[in-house]
2 protein chains.
Amino acid sequence: MATPESGATLESVATVAGVSRQTVSNVLNAPERVAPETRQRVEDAIRELRYRPNRSARSLRTRISRLIGYCIQPAPAGNLNPVLDRFVHAVTESAAAHGFHVLLFTAPTGSAGLDRYAELLAQRAVDGFVLADTVVADPRPGWLTEQGVPFVAFGRSWSGPDRGHWVDVDGAAGMTEAVEHLHAIGHRRIAFIGWPEGSGVGDDRVAGYTAACLRLGLDPRVVRAEGGAGTGRALAAALLDDAAEARPTALVCVSDESAYGALRALAERGLRPGEDVAVVGFDDTPAARLPGVDLTSLSQPIEQIGHESVLMLLGLLGVVELPPGPEHRLLRPSLVVRASSRPAVPPTEA
Amino acid sequence: MATPESGATLESVATVAGVSRQTVSNVLNAPERVAPETRQRVEDAIRELRYRPNRSARSLRTRISRLIGYCIQPAPAGNLNPVLDRFVHAVTESAAAHGFHVLLFTAPTGSAGLDRYAELLAQRAVDGFVLADTVVADPRPGWLTEQGVPFVAFGRSWSGPDRGHWVDVDGAAGMTEAVEHLHAIGHRRIAFIGWPEGSGVGDDRVAGYTAACLRLGLDPRVVRAEGGAGTGRALAAALLDDAAEARPTALVCVSDESAYGALRALAERGLRPGEDVAVVGFDDTPAARLPGVDLTSLSQPIEQIGHESVLMLLGLLGVVELPPGPEHRLLRPSLVVRASSRPAVPPTEA
DNA sequence: ATCCCATTTTTGAACGATCAAAACACGCTA
DNA sequence: TAGCGTGTTTTGATCGTTCAAAAATGGGAT
């Protein structure tokens, strides 16, 4: 019948191979200690019985669960950010390569959610955490550091001391690249549509834009407001309704969402994206590549971030040797040029 | 210092409370067997020591891991389906209410991925599975049933015998509601933009559309092709370029993606959605509610599906008593009416 | 033949919980 | 007083693995 016979244990494998428990265990955990011939016999028995070590038993003895905790925040309604989706996938995949799995849980945001982390630790359900959705003044990095819990965050801690290990995207570098691209195809009046000061991520991106402008001898022009597509539309509208000689020929947006708003503002004025006014977003959301949208955007190397986060965490856990680098990694986003900034009939320059 | 003192065990709690291990265990698992006064003393000790049962130890003894396996498929590039995101969240939340957590893993699609499921089972890492992304001829329900593994699928098995427990959305009912809505606001020539025959989900939706048309005395008109937004645009274009008296006044689309394509076809012809031609989609993706899109769509009760899936699975596991219902639940989507089908200046009818 | 050392294998104990059954306490009846 | 039944608590065994230390094995040197 060849049922999977999930009842195989170390003991039963040992019996079949004619050795003791511990020898089987050694074949799995320290093969070099076992004589080659014995090893072969044991491996055959393992295959024959389809043996897999029982996770709970192993975890009980070693105090390592081989599980990584990952908290999914309640997604705000109408959120079209599939970035975290890809991130989770990458984390899961990278973890699997080392026999680890991801344990999902939910928790309220802010310090109210710390209980859930504490609970999992007390139960010894996880060995460490990967944090995403980190926000300004996030209590988690500090708390976890205090507790001595291994963790890696996707996103710097923007306020307070920079505690713990993290991997992040260099938003400033990305925006600089965007400005340089626009400059290269002829644009000279490039404005920035951003968020209010105080959001770490937003400030980082503005900084990259401003630096690039200054370096290229352009006047930085930044407008800011709280919000998504709706706000982007309003901010863009104001810029586009400027007198013709002051009106920007290119809009760099802090996010794809703002950029969608900006595109709408263009459409309402009969302006063609890419031809009359260039638009660049950030995140490279799936909608950006839809026909008829075709938004130039900065793509985050999400898969790599997930991979590096896991590697860093496994390093902290002593599962792999920690690469010699620093406690953090800053990865560059890559500019994906589409129609919204391409054809570049270069605007006539004053 | 009040460190979390994660070293508390049954034994240490017992010592503090002046009772034996087993009594503490009983307080947790069968409180009615313990004298009220003793119980109080034990509960105090538990609080004082911040004791939480060690998951591995418990799981080793009881053979229940309190983990639910969930496989995330490699998302196809450019996938803008946030439905599964919400589903995972709902599953995680519902599971937490019963002390369960979700274990994420990845696996290739098709029968090549079954190994990963087998591996987790052999390790006794999970108690059962929640399946999503079920497709036609999905090998998983059959295999899991054969193995006697508890599982619940989001989505019927459309081909072969209907094996196992599932929760699904009644696509036919949704489409019927869409047609009735369009009929009520005056439309008489309602066409359907669908997928080729053979996709269970697509066929279900067409069936609902056709049934409604016949009941209302309308001529069903179905066009089909493989694909997403691009295809939707092409199919809609063909319909809209019909002679005026044959041209449909409303388009019911098998998915929001097709609907976005259809909207684009309208725009290219200077037709206003909702006023000249009504459009209805399916899924209520976030983009549907964007200003300037405003697509009427059928919203799937994802949270409820997640919740019911977990409940059903826990029933199979004997954790909660199985509700008396059948092996499956079919939930109705709800129609969210937006501008693309609203103002209904009713088209003049022949 | 004896002893020593390095290599390989085996034996008890432990991880922290629950199960099954035994022991204890107490009031009631015969 | 012995015996019984009910309610409460404790004791020993066990789940499947790994750790630590002990035991066996096999040469080579003395």
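Each chain gets a letter, A, B and so on, in the order its sequence line appears, and its residues count up from 1. Nothing here was measured: the structure is a model prediction, and the numbers come from that model.
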Between B:Val34 and A:Ser56, the residue closer to the 5' end of DNA chain D by nearest nucleotide is B:Val34
Here the salt bridge (charged side-chain N to carboxylate O under 4.0 Å, His left out) pairs for residues 107-123 of chain A, sequence neighbours left out, are A:Glu119-B:Arg52
Practice prompt. Taking A:Thr23 for its side chain and A:Val19 for its backbone only, find out whether a donor-acceptor pair lies under 3.5 Å.
Written response: no
d(B:Ser94 OG, B:Ile305 CD1) to nearest 0.5 Å is 11.5 Å
Here the distance between atom P of C:dA14 and atom CD of B:Glu11, to the nearest Å, is 12 Å
Does the pair B:Leu103 and A:Leu103 meet the rule for a side chain to side chain contact (heavy atoms under 4.5 Å, CB included), with working shown? CA-CA 5 Å; B:Leu103 181 144; A:Leu103 181 144; 5.9 Å; no
With a 4.0 Å cut-off (strictly under) to non-hydrogen atoms of chain B, the first and last hit nts on DNA chain D, 5' to 3', are D:dT8 to D:dG16
* Asked: So does A:Arg63 get a side-chain nitrogen or oxygen closer than 4.0 Å to the phosphate oxygens (OP1/OP2) of C:dG16?
  -> yes
Atom CZ of A:Arg33 and atom C1' of C:dA6 are separated, to the nearest Å, by 14 Å
When rounded to whole Å, the CG to P distance for the pair A:Leu10 and C:dT11 reads 14 Å
Would you give me the side-chain donor-acceptor pairs under 3.5 Å for residues 134-141 of chain B, sequence neighbours excluded?
residue  : atom : partner  : partner atom : Å
B:Thr134 : OG1  : B:Phe154 : O            : 3.1
B:Asp138 : OD1  : B:Arg140 : N            : 3.0
B:Asp138 : OD1  : B:Arg140 : NE           : 2.9
B:Asp138 : OD2  : B:Val135 : N            : 3.3
B:Asp138 : OD2  : B:Arg140 : NE           : 3.3
B:Asp138 : OD2  : B:Arg140 : NH2          : 3.0
B:Arg140 : NH1  : B:Tyr117 : OH           : 2.8
B:Arg140 : NH2  : B:Ala132 : O            : 2.9

Apply side chain to side chain contact (heavy atoms under 4.5 Å, CB included) to residues A:Ile68 and A:His101 and explain how you reach the verdict. CA-CA 6 Å; A:Ile68 297 174; A:His101 288 277; over 6 Å; no
Can you tabulate the close N/O pairs, meaning under 3.5 Å, that link protein atoms to atoms of nucleotides 24-27 of chain C?
none

Sorted by chain and number, sequence neighbours left out, side chain to side chain contact (heavy atoms under 4.5 Å, CB included) with B:His165 holds for B:Val152, B:Met312, B:Leu316, B:Glu327
Residue set satisfying side chain to side chain contact (heavy atoms under 4.5 Å, CB included) with A:Ser25, at least two apart, ordered chain then number -> A:Leu10, A:Gln22, A:Asn29
From CD1 of B:Ile64 across to C1' of C:dG16 the rounded distance in Å is 17 Å
Sequence neighbours excluded, the answer for side-chain hydrogen bond (donor to acceptor under 3.5 Å, both in side chains) partners of A:Glu308 is A:Gln304, A:Arg329
Between CD of A:Glu32 and C1' of C:dA6 the distance, given in whole Å, is 15 Å
Applying side chain to side chain contact (heavy atoms under 4.5 Å, CB included) to A:Ala96 and not counting sequence neighbours gives none
Residues of residues 13-28 of chain A with a heavy atom under 4.0 Å from any atom of DNA chain D, listed by number, are A:Arg21, A:Gln22, A:Ser25
Angle separating the five-pair end axes of the helix from C:dA1-D:dT30 to C:dA30-D:dT1, nearest 10°, is 80°
Just call it for B:Thr38: base, sugar-phosphate, or nothing, with non-hydrogen atoms closer than 4.0 Å on any strand.
sugar-phosphate
Quiz item: Do any N or O atoms from the side chain of A:Arg156 and from the backbone of A:Val169 form a donor-acceptor pair under 3.5 angstrom?
Solution: yes
When rounded to whole Å, the CG to C1' distance for the pair A:Asn54 and C:dA17 reads 14 Å
With sequence neighbours left out, the residues meeting ring-ring contact (aromatic ring centres under 6.0 Å, His included) with A:His98 are none
Taking C:dT9, C:dA14, C:dC19 as options, the one with an atom nearest any side-chain atom of A:Arg61 is C:dA14
Residue set satisfying side chain to side chain contact (heavy atoms under 4.5 Å, CB included) with B:Leu317, at least two apart, ordered chain then number -> B:Phe100, B:Asp127, B:Pro150, B:Leu313, B:Leu314, B:Val319
The reported gap from CZ in B:Arg163 to CH2 in B:Trp143 (rounded to nearest 0.5 angstrom) is 13.0 Å
